[in-house]
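Atoms within a ligand are numbered from 1 in the order they appear, just like the ligands themselves. Along the sequence shown, residues carry numbers from 1. In what follows, every heavy atom counts, from backbone to side chain, and hydrogens, waters and symmetry copies are set aside.
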Amino acid sequence: MENGKSGILTTAMYNFDVAAKRLGLDSDIRQKILGPKEKVEIDINPKLPNGRMINAKVFIVRHHDALGPAKGGIRMTPSVTLDEVTGLAMEMTWKTSLIGVPFGGGKSGIRLDPAKLTDDEKEAVIRAFERGASRHIGPEIYIPAPDMGTNEMDMAHIRDCISYSQGVSITKGCFVTGKPVILGGIVGRREATGKGVVYTILSSCEKLNKDIKKMSVAVQGFGNVGSVAAAEIARHGARVVAVCDAQAGLKNDDGIDIQALERHFVQKGTLKGFPGCKEMAPTDIFAVDCDILIPAAAGSQITLENVDKIKASIIAEGANAPTIPEADEVLASRSVMVVPDILCNAGGVFVSYLEYTQETQREQMTLEAVENRLSSRMAERFNDVYDLAAQKGITMRQAAMDIAVSRVLEAVRTRGLLP
Ligand code: GLU
C-alpha cells in the first residue's frame, strides 16, 4: 500500500470494504454507498493584492447525502489531491453518521501552501474559491468548515462573499461553519475537536480502569487539534511528555508546560527553542515512552515502519486516517486500544452542527451548553462503539464503521432504492 497522501483514500476504502463484508452488503448496495455523489475539479486564478495572478486547483467532493447535506472542511495544502479529498469526504460520511448529526460527508481541497501567503493573499484565494465553488456550496448542498490549512477568518471571508453577492448582511441559513463568533460562529467551535479527542481518552481510561492523572501522553501535531488536546489533557492532570509538529519535536519526561509552550509558539512561530525540553526529530514521537499517543497531524502517519516502536496502550486518532490498515492490524494484534478517527475527532463536526442549528434559528448558545452537549454526545457514542466492539469481539474501528455504515444504509433504504 502506498504511504503518501492518497493513502487516505486507500485506507478509507479498505475500512469500508471490511465493514461491507462483515455487514453482508451485496455489490449493488455497496456501490450505492461507496461511490461519491459528486467530484468536482475547478481552476481558480485569483489576482493577489500585489497584482500577480496565480493558479490553483480546487477539489470538491460530496461523498454521500442520504442523511443530509454534505459536511466537511476545506483543506489547503500544497500537495492535496482529488484522491485525498475523496477519501476525506468518505470519512466525513461515516463521522457525521456515527456522531448522529443530520449531515452527509463532503470535503474540499485547495492546492496551495498557506504558509507562503500573506493574510491579504489568502483572503483573495479564499474569495476566489468561494466564487468558483458557489454552485456547490449551500445549507442544503454542502457546508464547508475549517480543516488543515484553513481557519475561522477564511470561513468569515466565505460567508462575507456569499452575503455580499446576495446584497444582504446575513445569509438565509448556514452556508459555512467554524466562523468567528461575531459573524454567527459558535463559542467553543475552535476547541471542539481537541476537547472531543480528550473526552474519548477519558472514556477509554474509565473502561481500562486507568487514572488519567497517572498517564503520560505524546502528541503529534501542534495545530488546532493537537495543541488544544495537549492543553486539555494536561488540565485533566495527565503528563504531556512529548509534542511535535512537522518541523520540530520536544521531549520532557517530567511533563511539558503546555500553556507556556502555546505562548512560545505564538511568539516564535516554532516549537524550537522552548526552555527545559530536549529537542528531537518529529518522527521520534512514535518511539516516545508514553501511555497515550495522539496522532493529530496528517494522514498515513502510523505505518509498518514505526508501528513496532509505539509503546502507548491507547491511541486517540485526532487526525483523519492517521493509521494505515496494515499498521492497524498490528495494533489490534497487540490489543492496543485505538479510538478511531471517525469517533475520536468528531467533536468538531458535532459543534459545527450546533452552529448550523444556532444560525438557522438565530439562537445564541452559551459555552456551557455547547460543552455539555459535546461531552455527553462524545461519551454516548464512545460507549455505543465500545459496547458493540466488546459484544462482537471486533476492534473499536470496526464497531464504529458498523454503526456508521448501517445508519447510512438505513437512510438509503428508507428513502427508497428507486430513483
Ligand atoms: N474538518 C473537520 C473534520 O475533519 C470539521 C468538519 C466540519 O466541521 O464540517 O472533521
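Neither the backbone nor the side chain of E355 comes within 4.0 Å of ligand 1, counting heavy atoms alone.
Among protein heavy atoms, the minimum distance from atom 3 (C) of ligand 1 is reached at K95 NZ, 3.3 Å. Looking only at protein heavy atoms, the nearest one to atom 8 (O) of ligand 1 is S352 OG, 2.6 Å. Ranking protein heavy atoms by distance to atom 9 (O) of ligand 1, first place goes to K71 NZ, 2.8 Å. Nearest to atom 7 (C) of ligand 1 among the protein's heavy atoms is A145 CB, 3.4 Å.
Under a 4.0 Å N-O distance rule, the pair K309/D284 does not qualify as a salt bridge. Using a 4.0 Å cut-off between charged side-chain N and carboxylate O, K122 and D119 make no salt bridge. Using a 4.0 Å cut-off between charged nitrogen and carboxylate oxygen, K195 and E371 count as a salt-bridge pair. Salt bridge D341/K95: absent, no basic N to carboxylate O contact under 4.0 Å.
Less than 4.0 angstrom separates some heavy atom of G73 from each of these atoms of ligand 1: 1 (N), 6 (C). Close contacts of ligand 1 with D147, meaning ligand atoms under 4.0 Å from a residue heavy atom, involve 1 (N), 2 (C), 4 (O). Near N320, meaning under 4.0 Å from one of its heavy atoms, ligand 1 places the atoms 4 (O).
Within the 4.0 Å heavy-atom cutoff, R189 counts among the residues contacting ligand 1. Ligand 1 lies within reach of M92, whose nearest heavy atom is under 4.0 Å from it. Not close to ligand 1: P144, with no non-hydrogen atom less than 4.0 angstrom away. Not a single heavy atom of M148 lies less than 4.0 angstrom from ligand 1.
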Going through the distances and angles, do Q166 and T171 end up as a side chain to side chain donor-acceptor pair (under 3.5 Å)? CA-CA 8 Å; Q166 295 176 351; T171 54; over 6 Å; no

Evaluate the side chain to side chain donor-acceptor pair (under 3.5 Å) criterion for residues S313 and D291: first the C-alpha distance (whole Å), next the side-chain angles of each, then the deciding distance (0.1 Å), finally the verdict. CA-CA 6 Å; S313 55; D291 303 303; 5.3 Å; no

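Residues N320 and N345 have side chains that bring a donor and an acceptor to within less than 3.5 angstrom of each other.
Results of the side-chain hydrogen bond (donor to acceptor under 3.5 Å, both in side chains) test with K71 over T96, T177, D65 single out T177 as the only residue that passes.
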